[in-house]
Amino acid sequence: MTAQDLAQSLVIAAPELIIAVGAMALLMVGVFVHKDRANAIVTSLTVALLVAALGWMVFFTPTGPAFGGAYVHDAFSLFMKTLVLVGSTVALVMSVGFAREEKFDRFEFPILIALATLGMMLMVSADNLLGLYMALELQSLALYVIAAINRDSIRSTEAGLKYFVLGALSSGMMLYGISLIYGFTGHIDYQAIAGAIGGERSIGLLFGLVFLLVGLAFKISAVPFHMWTPDVYEGAPTPVTAFLAAAPKMAAMALLVRVVMEAFQPVTTDWQQIIVFISIASMLLGSFAAIGQSNIKRLMAYSSIGHMGYALVGLAAGSVAGVQGVMLYMAIYLAMTLGTFAFILAMRRKDEGNVEQISDLAGYAANNPLMATILTALMFSLTGIPPLAGFWAKWYVFLAAVEAGLWPLAIIGVLASVVGAYYYLRIIKIMWFDDAEARFVAPAGELRLVMGASGLFVLAYIVFGGPIAAYAETAARTFF
């Protein structure tokens, strides 16, 4: 690589460099600032760092490959990395009040969020298998730590340990798959792998593909590799759960799309069968397993499993419309999830602190009708009721499946949506029709802002969704 190529690569990867250098600098700030102010200062600076990286990426970063083809920045990565940065920034902002009330004020938390975000951005732009694995591990190691960051909580420690052990298992399986793919193709670059396959595939290559998809399915908590999700969502501190439900899902889904659409497009029929299976399994388990849940964080875990299944319906189509559907689904899912977790963080009583039972929402509408109305809109949107944003998310992925001839998959998705509507509507019923419980304390300003923005997004998506869909279609054509 010449000096000119290196300079061009550094310009293209500038957003990641901003976060990497900024995180190291913030670590020094946290160490030398007085511990009573360290968390507030480092959190504020981390939010500014993520916003700066987003602004630089949108306005100044050119597209193209970098570092000898190991990294690529294109329209698809711009769209998905924007979602990653928005998810990380909002989740970090929502943690401020919780940190203040629950003595959760460790300056390492926002720095770990920044490092995890760095890994996610590299995941989205990774264009070979080695870059994929290193980016994934950078993200995962930070997530293992923040899941167990509340060392005084047995539940948090247990969540981090489960996540680490199962994550290590999935990483091992993914590495085995990568070694098989390299062994049977002689390449780690996505385009080179696709060229080496050329329509001809061996049993060894297919085994490698299966193991690789197993590791990626774990990261998006798709069935049957979902087993960590309910326990980690319930046990981790709520701001951590909100983060896990948002940004990492964007990056992992983007990584999955890029791998199968670039490296394995010549064997679409093979990976399509795997995606169809885990999509159906995720939709059905997410719909039925959530019915009996009483803890709202655990319910949201099963909800996320189901929604990843719906997003995979679009990927299974293997078309421009399918990839566009996945991108739009993830964008809308991000808004709905962040809004819902803002409400979960606002479920706080003066004497009890944060509460997590669904029954604690009883009579919420009587005490705060405006907030209850917004949460109702979010629940209807998660269900897929028109004309809310959630309906259009499912519309795009189901339509892509129908156009690709996957009628059974689309029908199963619609039926799973009907089943899943039960537990969302149950929350609405408890809020509006059950006898009022003790009032929650007034939510922090940042939580009200996220609630309002999320509610406005799902209600008004039909008005401004056109340009988003148009850009998603343009980005989807990156692979075709």
Side-chain angles (χ1 to χ4, degrees), residues 1-2 4-13 16 62-81 119-139 171-217 219 251-275 315 318-320 322-323 326 475-480:
M1 180 183 293
T2 65
Q4 184 178 0
D5 291 336
L6 178 60
Q8 181 65 20
S9 296
L10 293 175
V11 171
I12 293 174
E16 285 84 353
T63 59
F67 304 110
Y71 174 103
V72 64
H73 182 65
D74 50 27
F76 175 78
S77 64
L78 175 61
F79 187 96
M80 297 307 295
K81 286 198 281 191
M120 293 173 216
M121 295 177 69
L122 293 172
M123 285 166 61
V124 176
S125 287
D127 210 31
N128 68 25
L129 295 176
L130 185 60
L132 173 157
Y133 179 73
M134 295 185 69
L136 198 58
E137 287 306 296
L138 174 58
Q139 175 219 238
S171 295
M173 298 176 76
M174 188 188 309
L175 270 181
Y176 183 56
I178 290 173
S179 67
L180 286 174
I181 293 167
Y182 175 69
F184 283 91
T185 64
H187 299 284
I188 59 172
D189 293 330
Y190 294 167
Q191 290 83 0
I193 291 171
I197 295 172
E200 298 288 334
R201 81 266 196 220
S202 63
I203 293 297
L205 176 67
L206 294 182
F207 269 100
L209 174 59
V210 169
F211 277 106
L212 177 62
L213 292 181
V214 164
L216 297 180
K219 299 304 178 184
M253 186 62 75
L255 179 58
L256 179 58
V257 170
R258 190 179 290 279
V259 167
V260 298
M261 296 308 301
E262 282 194 7
F264 297 100
Q265 199 164 38
V267 289
T268 296
T269 53
D270 294 306
W271 61 255
Q272 190 179 53
Q273 298 174 52
I274 302 171
I275 297 298
L315 181 57
S319 62
V320 173
V323 176
V326 173
R477 294 189 183 279
T478 301
F479 305 114
F480 298 91

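Residue numbers run from 1 in the order of the sequence given. Hydrogens, waters and symmetry mates play no part in the numbers below; they use all other heavy atoms, side chains included.
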State, yes or no, whether a side-chain contact exists between [X] and [Y] at a heavy-atom distance under 4.5 Å.
| X | Y | answer |
| --- | --- | --- |
| Q191 | D127 | yes |
| L256 | L213 | yes |
| L255 | V124 | no |
| S77 | M121 | no |
| F67 | L6 | yes |
| Q265 | V260 | no |
| F211 | L175 | no |
| K81 | E16 | yes |

- Query: Where do A126 and G131 come nearest, in terms of heavy atoms and distance?
  - Reply: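 Between these two residues, the closest heavy atoms are CB-C, 3.8 Å.
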Subject >> Exercise: identify the closest heavy-atom pair between I197 and P266 >> reply: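 Smallest interatomic distance, heavy atoms only, reads CG2-CB, 4.0 Å.
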Taking side-chain contact (heavy atoms from CB on, under 4.5 Å) as the definition, give me every residue that meets it alongside [X], ordered by chain and number, with sequence neighbours left out.
| X | answer |
| --- | --- |
| V214 | M173, V210, F225 |
| Y182 | I188 |
| I12 | Q8, P62, A66, Y71, H73 |

Check your understanding: Quick check: does any side chain N or O of Q139 sit under 3.5 Å from a backbone N or O of A135, one acting as donor and the other as acceptor?
Key ->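 Checked: no pair found.
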Would you say S125's side chain and V72's backbone share a donor-acceptor pair under 3.5 angstrom?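 Yes; at least one donor-acceptor contact below 3.5 Å.
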Would M261 and W271 count as a side chain to side chain contact (heavy atoms under 4.5 Å, CB included) if you check the C-alpha gap in whole Å, the side-chain angles of each, and the deciding distance to 0.1 Å? CA-CA 10 Å; M261 296 308 301; W271 61 255; 3.9 Å; yes
* Given the rule in the side chain to side chain contact (heavy atoms under 4.5 Å, CB included) test, do Y133 and L138 qualify, once you have shown the distances and angles that lead to the verdict? -> CA-CA 9 Å; Y133 179 73; L138 174 58; over 6 Å; no
Point-to-point distance, once rounded to the nearest 0.5 Å, from [atom1] of [X] to [atom2] of [Y]:
| X | Y | atom1 | atom2 | answer |
| --- | --- | --- | --- | --- |
| N128 | I193 | CG | CD1 | 8.0 Å |
| S202 | F207 | OG | CZ | 10.5 Å |
| I181 | L206 | CD1 | CG | 10.0 Å |
| L216 | L132 | CG | CG | 6.0 Å |
| I178 | L130 | CD1 | CG | 8.0 Å |

Would you mind checking if R258 and D74 are paired as a salt bridge, meaning a charged N to carboxylate O distance below 4.0 Å?
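A salt bridge is present here (some side-chain N lies under 4.0 Å from a carboxylate O).
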**Item:** All ring-ring contact (aromatic ring centres under 6.0 Å, His included) counterparts of F479, not counting sequence neighbours
**Value:**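 Testing F479 for ring-ring contact (aromatic ring centres under 6.0 Å, His included), a comparison that skips the adjacent residues, returns F76.
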For S171, the side-chain hydrogen bond (donor to acceptor under 3.5 Å, both in side chains) test, sequence neighbours excluded, returns E137
Worked verdict on H187 versus L129 for side chain to side chain contact (heavy atoms under 4.5 Å, CB included): CA-CA 9 Å; H187 299 284; L129 295 176; over 6 Å; no
Test log, rule side chain to side chain contact (heavy atoms under 4.5 Å, CB included), inputs V259 and L212
CA-CA 10 Å; V259 167; L212 177 62; 3.8 Å; yes
So salt bridge (charged side-chain N to carboxylate O under 4.0 Å, His left out) across residues 174-196, not counting sequence neighbours, yields none
